[in-house]
Structure formats: structure tokens, C-alpha cells
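Structure, as C-alpha cells:
Quick note on labels: first sequence line is chain A, next is B, and so on, each numbered from 1.
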2 protein chains.
Amino acid sequence: MAGETHRPERRADALTKERIVEAAVALLDAGGADGLTFRALAARLATGSGAIYWHIADKHALLAAATDHVIARALADRVASAPPREAIRALALAVFDAIDAHPWVGAQLSGDPWQYAVLCILAGIGAQVTALGVAERHRFNAATALLSFVLGLAGQYAVGSRLVGGDKDRAAFLRDVAARWAQLDPERHPFVRQVAARLAEHDDREQFLAGIDLILAGLERAH
Amino acid sequence: MAGETHRPERRADALTKERIVEAAVALLDAGGADGLTFRALAARLATGSGAIYWHIADKHALLAAATDHVIARALADRVASAPPREAIRALALAVFDAIDAHPWVGAQLSGDPWQYAVLCILAGIGAQVTALGVAERHRFNAATALLSFVLGLAGQYAVGSRLVGGDKDRAAFLRDVAARWAQLDPERHPFVRQVAARLAEHDDREQFLAGIDLILAGLERAH
DNA sequence: ACCTGAACACCGTTCAAGT
DNA sequence: ACCTGAACACCGTTCAAGT
């Protein structure tokens with residue numbers, strides 16, 4: 001009995017999956033997807049690069065675990081008990097804001113849509129689609145349509161933010177794209193030229209919610 | 001004058017950007033994104049790996065050019081002059097089928113949504129959204145919502161097909177996912193468990209069109 | 001102008017060897 | 001059981017040297 005209380009303390013800096021994932025998130029936030037290497041991770045954790053493989057299978061699993069970590073936190077922060085329509089908007093915005101804070105998550109979600117984090121998002125959407133009163137046979141298509149939209153814009157948004165830095169960089173990026181679009185052949189791409197101006201001045205969040213509302217409006221019309 | 005007709009023929013196997021892109025598409029089709037390396041490409045073209053850089057800036061540009069090649073062909077194959085609603089469905093299906101034939105295109109479109117190929121898709125969607133009579137101030141959000149959905153499902157679909165092979169492999173992949181989902185905690189993920197059965201038996205094309213129709217229904221409701 | 005191919009600076013992953 | 005770090009088999013990209 002007494003012996004148990006004296007069992008050796010774990011070294012304060014012992015490797016755990018959690019510590020590895022937290023360090024990975026920090027590297028990804030600082031340097032994007034390219035910033036995460038096993039060598040950089042080992043250096044930050046003051047260990048050998050091979051040690052990480054004792055706790056995590058490979059880089060694919062490491063990226064998935066880092067994404068799970070961010071998304072789980074984002075989904076947990078929501079307040080529950082809102083009407084379904086608002087709950088879907090809140091859920092989508094939570095994902096959107098998580099990608100805003102961690103742009104690499106956007107690419108990871110759309111690049112590996114069968115990972116656990118995406119399943120959690122789908123579960124959240126599905127619960128609200130059910131609460132909305134959508135007939136059982138339409139729920140699957142309705143929920144996956146919302147999910148596809150969220151993941152699609154997630155990828156799109158992530159790329160604009162990827163070029164490091166804050167909102168200024170994204171604004172500059174969009175200005176560049178808009179300028180390129182404005183120079184297109186008006187004959188072949190009249191629409192794109194037309195919306196080029198809107199692109200530079202548009203608000204991502206507003207565009208995102210408009211898309212969600214569009215799908216929700218379609219859902220209401222269907223039943 | 002006579003001299004011009006005798007100017008030396010280009011060597012039959014001279015490198016051109018077009019030949020490089022075609023070889024890249026072949027490698028991508030055969031081995032997915034991992035199948036494309038400058039060494040494999042050089043071997044297939046019977047040249048040195050450095051020679052490719054004379055015609056194409058880097059790997060990012062090469063992947064974009066390969067994607068442009070596939071998407072341009074897919075969009076050109078459509079029959080024009082359908083009513084806008086049908087035209088949007090046809091356009092979306094053309095993209096869907098291109099990804100079905102070349103799964104790596106899905107990942108590339110969602111991973112780099114500002115490339116020219118995506119702009120062409122947006123241009124096509126925008127033209128039909130305009131023809132549909134959507135008010136000018138709603139066109140940008142409507143067209144980008146459709147685009148985001150297409151890119152989102154593109155990414156999702158591509159991953160399932162990535163594991164090489166034909167429809168059998170995708171069916172097996174979905175069965176595996178469905179089996180994993182069916183084992184989830186019914187308390188935490190009731191919806192996902194419920195739709196797991198539907199996942200294994202669902203038709204991708206039908207699901208895709210249902211999403212498009214949902215957004216179109218939302219559009220009609222809005223005006 | 002266009003091509004060659006060795007060289008450079010990286011990767012992810014493995015594994016004998018340590019504690 | 002867990003960690004070390006050199007070694008392996010690759011990458012994309014560059015660049016002096018060729019034609």
C-alpha cells in the first residue's frame with residue numbers, strides 16, 4: 001500500500017499523444033501544413049523524431065488528430081438549445097471560425113472528408129436537420145448537402161488565408177484575384193468579370209451564411 | 001521564300017507543355033497524386049527531370065495545368081442551349097463525371113480553388129444563374145454557393161475513389177465506413193448511426209443531383 | 001533555345017541500439 | 001515500455017555543362 005504512493009513520478013516531459021498533438025497544432029498554426037515535419041516536431045518536444053511513432057501511426061494520423069482536436073473544441077463551445085435553424089447556422093459558423101483561426105484545418109477537412117472530425121460535424125448537422133422536421137428519407141441528402149457546402153467553402157477559404165498573416169493578407173489576396181478576373185476576356189467570361197468587384201469587397205462570413213440560408217430555404221420548400 | 005519551306009522539322013519527340021501535361025495526366029490516372037513525380041515524368045518522356053522546368057514553373061503549376069486540361073475537356077463536351085435549370089445540372093454532372101474518371105481532379109479542385117479550372121466552372125454556373133433570372137445582387141452568393149457545394153462533394157467523392165480501382169473498390173470503401181459508423185455510440189451519434197445503412201447503398205450521382213436541386217429550390221424560393 | 005543529369009536540401013519512416 | 005538518432009529511400013528544384 002505504502003509502496004504505491006511512492007511509485008516513480010512520470011517524467012514531467014514524458015511524451016503523450018496529447019502533448020504531441022498540441023505541439024503539432026502550434027507548428028501548423030505558425031507555418032501552415034508545410035510547417036509540420038517530424039523533425040521540427042521532435043525538436044519542439046526535445047525528443048528524437050522516431051519517438052513520435054511510438055504514439056502516433058504516421059503523418060496522416062497526426063494531421064487527423066490535430067484536426068479532431070481543433071474541431072472538437074469548436075463544436076463544444078457552442079451553446080445548445082437553440083431552434084434548429086439557428087443551431088445549424090451556429091454550427092456552421094463554429095466550423096467557419098475554427099478554420100479562420102487555423103486555416104490548415106480547412107484543407108485537412110476537405111482533403112480527408114471521412115475522418116472523425118467530419119463525422120462529428122455531420123452528426124451535429126443531422127441532429128438539427130432531424131429537429132427541423134425533414135422526412136427521414138430526405139435527411140441523408142439534406143445533411144450531406146449542407147456538409148458538402150461547408151467543406152467546399154472551407155477549402156476555398158483556407159487557401160486565401162494560407163499565405164500567412166492576418167486579414168490584411170487575405171484582403172490583398174482577394175484584391176489580386178479580383179484584378180486578374182477583371183482582365184479576363186469579357187466575351188468568354190462575362191459573369192466572372194461582373195462579380196470581380198464584388199469579390200474584393202465581399203464579407204466571407206456573410207457569403208457563408210447566405211449559402212447556408214439558401215440550402216435551408218430549399219429544404220423548407222421541399223416539405 | 002523557298003528557304004522557309006525547308007526549315008528544319010522539329011524533332012518528333014520535342015518537349016512541349018502539351019506533351020508534358022498529357023503525360024502528367026496519364027501518371028495521375030495510373031497512380032493518383034503520388035504517382036506524379038518529376039522523375040517518373042522525365043522517364044516517361046525520355047528526358048531529364050530538369051528539362052521539364054523549361055516548360056513549366058513547378059509542380060503546383062503542373063497539377064493546375066493537368067486539372068485545366070481535364071476540366072476544359074469536360075466543359076466543352078456539354079451540349080449548350082438547354083433551359084438554365086437543366087444546364088446547371090448538366091454542368092455539375094460534367095464536373096462530377098470528370099472527377100469520376102480522374103479522381104485526383106477532385107482533390108486538386110478543392111485544394112486549389114482559385115485556379116483557372118475553377119474559374120471556368122464558376123463562369124459556367126454564373127451564366128446560368130443569370131439566365132435563371134436571379135437578381136444581380138444575389139448572383140455572386142448564389143453562384144459561389146453552388147460552386148462550394150460542387151467542390152465540397154468533389155473532394156468527398158475523390159477520396160473514396162482514391163484507393164485505386166473501379167466501382168467495386170468504392171463500394172467496398174463505403175461499406176467499411178458504414179460498418180464503422182454503425183458501431184458508434186448511439187447516444188452520442190444517433191443520426192450517423194441511422195444513416196449508416198443509407199450510406200452503403202446510396203447512389204453518388206443521385207445524392208449529388210439532390211444537393212444541386214436543393215440549392216436551386218432555395219434560389220426559386222428567394223425570388 | 002533547349003536539354004542533361006548530378007547535386008542539394010530536404011522529406012517520412014524504420015530500426016538496431018540504448019534506458 | 002519507451003526513447004534515440006543514424007540510415008534509407010525517396011522527394012522537388014537548381015544549375016553548370018552540354019548541343
Side-chain angles (χ1 to χ4, degrees), chain A residues 3-4 6-28 30-67 104 107-108 111-112 115 162, chain B residues 3-4 6-28 30-67 104 107-108 111-112 115 162:
Chain A
E4 284 180 21
H6 285 281
R7 71 189 181 280
E9 285 282 311
R10 290 194 130 235
R11 294 212 333 272
D13 58 345
L15 271 185
T16 60
K17 182 166 172 178
E18 196 178 43
R19 279 191 67 225
I20 293 171
V21 167
E22 273 165 15
V25 169
L27 284 174
L28 287 162
D34 291 342
L36 178 62
T37 70
F38 278 83
R39 282 168 179 81
L41 195 54
R44 176 178 261 263
L45 292 165
T47 183
S49 61
I52 295 159
Y53 285 90
W54 186 265
H55 301 273
I56 285 210
D58 53 21
K59 186 163 189 182
H60 184 260
L62 179 58
L63 274 165
T67 306
W104 52 272
Q108 177 60 23
D112 187 7
Q115 68 187 299
R162 179 184 297 167
Chain B
E4 283 180 24
H6 284 281
R7 71 187 180 281
E9 284 283 309
R10 291 193 131 234
R11 294 210 336 270
D13 60 345
L15 273 185
T16 60
K17 181 168 172 175
E18 196 179 43
R19 279 191 67 224
I20 293 172
V21 168
E22 274 165 13
V25 169
L27 284 175
L28 287 162
D34 292 341
L36 178 63
T37 69
F38 278 83
R39 284 167 178 82
L41 196 55
R44 178 179 258 265
L45 292 166
T47 183
S49 62
I52 295 158
Y53 285 89
W54 187 264
H55 301 273
I56 285 208
D58 53 21
K59 188 165 188 181
H60 184 262
L62 179 57
L63 274 165
T67 305
W104 52 272
Q108 177 61 23
D112 187 8
Q115 69 187 299
R162 179 185 294 167

Grab the N/O contacts between the protein and nucleotides 8-12 of chain C below 3.5 Å, and write none if there aren't any.
{"unit_1": "C:dC11", "atom_1": "N4", "unit_2": "A:R39", "atom_2": "NH2", "d": "3.3"}
{"unit_1": "C:dG12", "atom_1": "OP1", "unit_2": "A:K59", "atom_2": "NZ", "d": "2.6"}
{"unit_1": "C:dG12", "atom_1": "OP2", "unit_2": "A:F38", "atom_2": "N", "d": "3.2"}
{"unit_1": "C:dG12", "atom_1": "N7", "unit_2": "A:R39", "atom_2": "NH1", "d": "2.9"}
{"unit_1": "C:dG12", "atom_1": "O6", "unit_2": "A:R39", "atom_2": "NH2", "d": "2.8"}

In whole angstrom, give the distance that lies between atom [atom1] of [X] and atom [atom2] of [N].
X: A:L62; N: C:dT13; atom1: CG; atom2: C1'; answer: 13 Å
X: B:I56; N: D:dT14; atom1: CD1; atom2: P; answer: 14 Å
X: B:I52; N: D:dT14; atom1: CD1; atom2: C1'; answer: 14 Å
X: A:L41; N: C:dT13; atom1: CG; atom2: P; answer: 12 Å
X: B:I20; N: C:dC2; atom1: CD1; atom2: P; answer: 12 Å
X: B:W54; N: D:dC15; atom1: CH2; atom2: P; answer: 14 Å

What's the verdict on side chain to side chain contact (heavy atoms under 4.5 Å, CB included) for A:L45 and A:L41, showing C-alpha distance, side-chain angles and the deciding distance? CA-CA 6 Å; A:L45 292 165; A:L41 195 54; 4.1 Å; yes
Where the side chain of A:E22 meets the backbone of A:R19, is there a donor-acceptor pair that is under 3.5 Å apart?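 Checking the backbone N and O of A:R19 against the side chain of A:E22, no donor-acceptor pair under 3.5 Å is found.
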How close do A:K17 and A:A65 get, counting heavy atoms only, and between which atoms?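 Taking A:K17 first and A:A65 second, the nearest heavy atoms are CE-CB, 4.2 Å.
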Pairing check on D:dA6: which nucleotide meets the Watson-Crick or G-U wobble criteria with it, both distances under 3.5 Å?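 WC or wobble partner is C:dT14.
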Before giving the answer on side chain to side chain contact (heavy atoms under 4.5 Å, CB included), spell out for A:L28 and A:L63 the whole-Å C-alpha distance, their side-chain angles and the decisive distance to 0.1 Å. CA-CA 9 Å; A:L28 287 162; A:L63 274 165; 4.1 Å; yes
Evaluate the criterion side chain to side chain contact (heavy atoms under 4.5 Å, CB included) for residue pair A:E18 and A:V21; output intermediate values, then yes/no. CA-CA 5 Å; A:E18 196 178 43; A:V21 167; 5.8 Å; no
Test side chain to side chain contact (heavy atoms under 4.5 Å, CB included) applied to B:W104 and B:V25, step by step: CA-CA 9 Å; B:W104 52 272; B:V25 169; 4.1 Å; yes
B:H55 has a side chain; which of C:dT14, C:dC3, D:dC3 sits nearest to it?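 Looking only at side-chain atoms, B:H55 lies closest to C:dC3.
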